[in-house]
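Okay, so here's the structure we're looking at.
Below, chain A is the first sequence line, B the second, and so on; all start at residue 1.
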Amino acid sequence: MARAPRYLDALNPEQRAAVETLDGPVLVLAGAGTGKTRVLTTRIAHILASGRARAFEILAVTFTNKAAREMRERVETLVGQGAEAMQWLGTFHAISAKILRRHAELAGLKPNFTILDTDDQIRLLKQVLKAENIDDKRWPARALAMRIDGWKNRGLSYAQVPAGEAQSFADGKGAALYALYQERLKILNAVDFGDLLLETLRLFRENPDVLADYHRRFKYILVDEYQDTNTAQYLWLRLIAQGRHNVCCVGDDDQSVYGWRGAEVENILRFEKDFPGARIVRLERNYRSTGHILAAASHLIAHNEGRLGKTLFTDGAEGDRPTVTGVWDSEEEARAIGEDIEQLQRRGHDLEEIAILVRASFQMREFEERFITLGLPYRVIGGPRFYERAEIRDALAYLRCVAQPADDLAFERIVNTPKRGLGDATLQMLHEYGRRENTPLMTSARILVESEEIKARPRATLRALLADFERWRSLIDVKPHHELAEMVLDESGYTEMWRQDKTPEAAGRLENLKELVRAMEPFPDLAGFLEHVSLVMETDEAAGAQKVSIMTLHGAKGLEFETVFLPGWEEGLFPHQRSLDENGRAGLEEERRLAYVGLTRAKRRAKIYFATNRRIHGLWQSTMPSRFIDNLPPAHVEVVEAAGASQYGSYGVSRFANLDSYNSGYDTPGWKRAQSAPRENYAKSAGRDSGRARQPKTIEGEVVGRSSPGSRFAPGARVMHLKFGPGTVAGADGAKLTVDFDKAGRKMVLESFVEAT
DNA sequence: TGCCTTGCTATTTTT
DNA sequence: TAGCAAGGCA
């Protein structure tokens, strides 16, 4: 055999096996930080370099656009140019859309079909509910959307929904509503995200010749983040992979954190069964984290059952131990982390290499506030996205109306934006006609405008609007699309509407509109741009300036940082109560995987925090340290005391000696101590800004768990509260007390948080 | 048509 | 507590 090509030199033996096993199915179990992206990209490079297939004969599927973009870039650096020829590299949804457009008629669609996003989907469902006279208070469209998505994720058409579940929504109308919704989508020439997969699946099943064509085309198939596939994606993949069986899936069962949106870890566990003779390659050599971090993460995840099991190791240094710090409340947590970061900064650390990973986005605010006062530059990742802003959605609706005349949702959105006197009454009439004649709204409008059904004023306005759209539409092939867009926005009065607007956001909105027009330029035409927009809901955030990243644990998957702060490790928040309530043990294990993901993002420093008190929905509640803290190996973790937090000094070996499992979390030393030991009050650390009255010198009430029986306090009783000071009980409702505080006034507080005086 | 009040809810989020 | 959505009212 000839000398191995150079790009293989950089790989370890397992990685190399994963890259070089080209024939037949391969499952790569790639632990965190073991170089899975390198394997995927090198494998593509290897297929290309060895002449096994050309770029357009490789199907490479990812979950996110970001991952797709990264893969493309990395293949490019590996093979020089030519990666742009990889026309089948993309997300499941993007590839499905592409296939579907090629065979739209077979799927009962026109090739210019619209892809609805969640917002459109919900608006459409609201209409369906209304038409069916279902109270959308009791049966919210959002809930129906979730249910339908769930069915679609499982690959179920409305006819396939199991009888029991079909009865589940609005007194037994679940599946029927699903069917009505699909009917509406067909009329609108539209699909939602779930349909992209489902319709492609149906296309393949009903047209074996089409499927065979793709079997011939795709010589090699690669799938990233395989543990995140849902059933529909799995069926899709299995169908396509049946052709040549050259399928390589890369994933890590320990990083499956999207079960709540339909991902089935089972898919990874049953790979061997579905693809007989599959080669399994384990990547266990970690190149990212130092020894202690890796040990802590491994020990934590070992508490999960039903894993394929991997043992990560590193040849690197032991490094610093992850730390666990207890703080008084979320405010102190933010302050402590802020100080840590400032110190790292002073020591010359790169802010880009620091991240704060939270469980839920509400935790972010406290950090933002703190960082603003500190003047610490930060960036929140995962905020509202560019294409979700109202003005962008409006502008896109205009463009959709131009390009896709049957797009009723878009039309409805903008008929009266800006206000032009086309209100509910007019719209109602269009709807009625449309429903009767089965025509899109714009067609209905065109017909009704010729009659006298509509009053003269709105009739004239509507006629003018329709004429505008005609004119714009006639320019599609004449004018460059970004110029056309600008023209539409100006002539429709939309831009003017924001110019007139005096609210402080107006300027930013106009700026966004300009940005939108700019963003259109690189696309070949309007249709191409709209396709991009519906599938790629993102803007490339300009990285650059040195900033600390604040994001959710989910958002951090796939990233790495020198230093990772992990605040909020408290029972109820992390693991999240809802996860436990709704999914029991499976929910807990998914939360634990999330903790594992968090820890393994850290290259050199991982810092865990838990607060004793946290405000949840406006009420202060005392909280327990997370059971995940008990899951950490004492030998690899350092318990750090926040300044003044002396009561945590008792954190010692015993704290970690007992490995708990589900449901027994409340017997751990940490839990017991928290219950029994009356905590000494301590002044807030770092005595700065003592403006607000700090905890008065009192004894905090022992923590009464969730099972607290009726109230210990009768109205009139005098109590002492840690935040609010002394007060008189006005009433009790279970564990909640209404107290008239001497200073703070009437508040609802948790009983466990006050003490009799 | 627009403003104000009321009520409700409150993970994770990509496509 | 706060933020949003929907309904009522002028």
What's touching nucleotides 4-13 of chain B from the protein side, N or O pairs under 3.5 Å?
unit_1  : atom_1 : unit_2    : atom_2 : d
dT11(B) : O4'    : His576(A) : NE2    : 3.4
dT12(B) : OP1    : Ser361(A) : N      : 2.8
dT12(B) : OP1    : Ser361(A) : OG     : 2.3
dT12(B) : O4'    : Arg359(A) : NH1    : 3.1
dT12(B) : O2     : Trp260(A) : NE1    : 3.3
dT12(B) : O2     : Arg359(A) : NH2    : 3.1
dT13(B) : OP1    : Thr552(A) : OG1    : 2.5

Rounding to a whole Å, what distance do you find between Arg69(A):CZ and dT14(B):C1'? 14 Å

Identify, with sequence neighbours excluded, every residue that meets salt bridge (Lys or Arg N to Asp or Glu O under 4.0 Å) alongside Arg261(A). none

When you compare dT12(B) with dA5(C), how far apart are their P atoms, in angstrom units rounded to a whole number? 16 Å

Residues two or more places apart in sequence or in another chain: which of them pass salt bridge (Lys or Arg N to Asp or Glu O under 4.0 Å) with Asp149(A)? none

Does dT11(B) fall in syn (glycosidic angle within 90° of 0) or anti? syn

Between Phe367(A) and Phe565(A), is the gap from one ring center to the other below 6.0 Å? no

Report yes if a side-chain nitrogen or oxygen of Lys126(A) is closer than 4.0 Å to either non-bridging phosphate oxygen (OP1 or OP2) of dA6(C); otherwise report no. yes

How long is the line joining CD1 of Ile122(A) and P of dA5(C), in whole Å? 11 Å

Rounded to the nearest angstrom, tell me the gap between atom CG in Leu116(A) and atom P in dT14(B). 18 Å

Any donor-acceptor pair under 3.5 Å linking the side-chain atoms of Tyr378(A) with those of Glu368(A)? yes

Nearest-nucleotide wise, let me know which of Asn416(A) and Thr64(A) is further upstream toward the 5' end of DNA chain B. Asn416(A)

Atom-pair distance (CG on Leu427(A); P on dT1(B)), nearest Å: 11 Å

Tell me, please, which residues at least two apart from Phe523(A) pass ring-ring contact (aromatic ring centres under 6.0 Å, His included). Phe529(A), His532(A)

note: Ile99(A), atom CD1; dT15(B), atom P; distance rounded to Å ~ 18 Å

Under 4.0 Å between any heavy atoms, over every strand shown, what does Gly421(A) touch: base, sugar-phosphate, or nothing? Just pick one. sugar-phosphate

Phosphate OP1/OP2 of dT14(B) contacted by Asn65(A) side-chain N/O (<4.0 Å): no

Please enumerate all residues that pass salt bridge (Lys or Arg N to Asp or Glu O under 4.0 Å) together with Glu366(A), with sequence neighbours excluded. none

May I ask you to say what Lys152(A) touches in the nucleic acid, namely base, sugar-phosphate or nothing, with a heavy-atom cut-off under 4.0 Å? nothing

Could you tell me whether Trp260(A) and His554(A) have their ring centroids closer than 6.0 angstrom? yes

Check whether the side chains of Gln127(A) and Glu412(A) place a donor and an acceptor atom closer than 3.5 Å, and report yes or no. yes

Separation of dT15(B) P from Asp117(A) CG (nearest whole Å): 12 Å

Examine distances only and state if a side-chain atom of Ser626(A) and a backbone atom of Phe574(A) form a donor-acceptor pair shorter than 3.5 Å. yes

Rounded to the nearest angstrom, tell me the gap between atom NZ in Lys130(A) and atom C1' in dA6(C). 11 Å

Regarding Asn304(A) and Asp254(A), do their side chains bring together a donor and an acceptor under 3.5 Å, going by distance alone? no

Whole angstroms only, please: what is the CD-C1' distance between Gln621(A) and dT1(C)? 13 Å

Please enumerate all protein N or O atoms sitting under 3.5 Å from an N or O of nucleotides 2-4 of chain C, with distances to 0.1 Å.
none

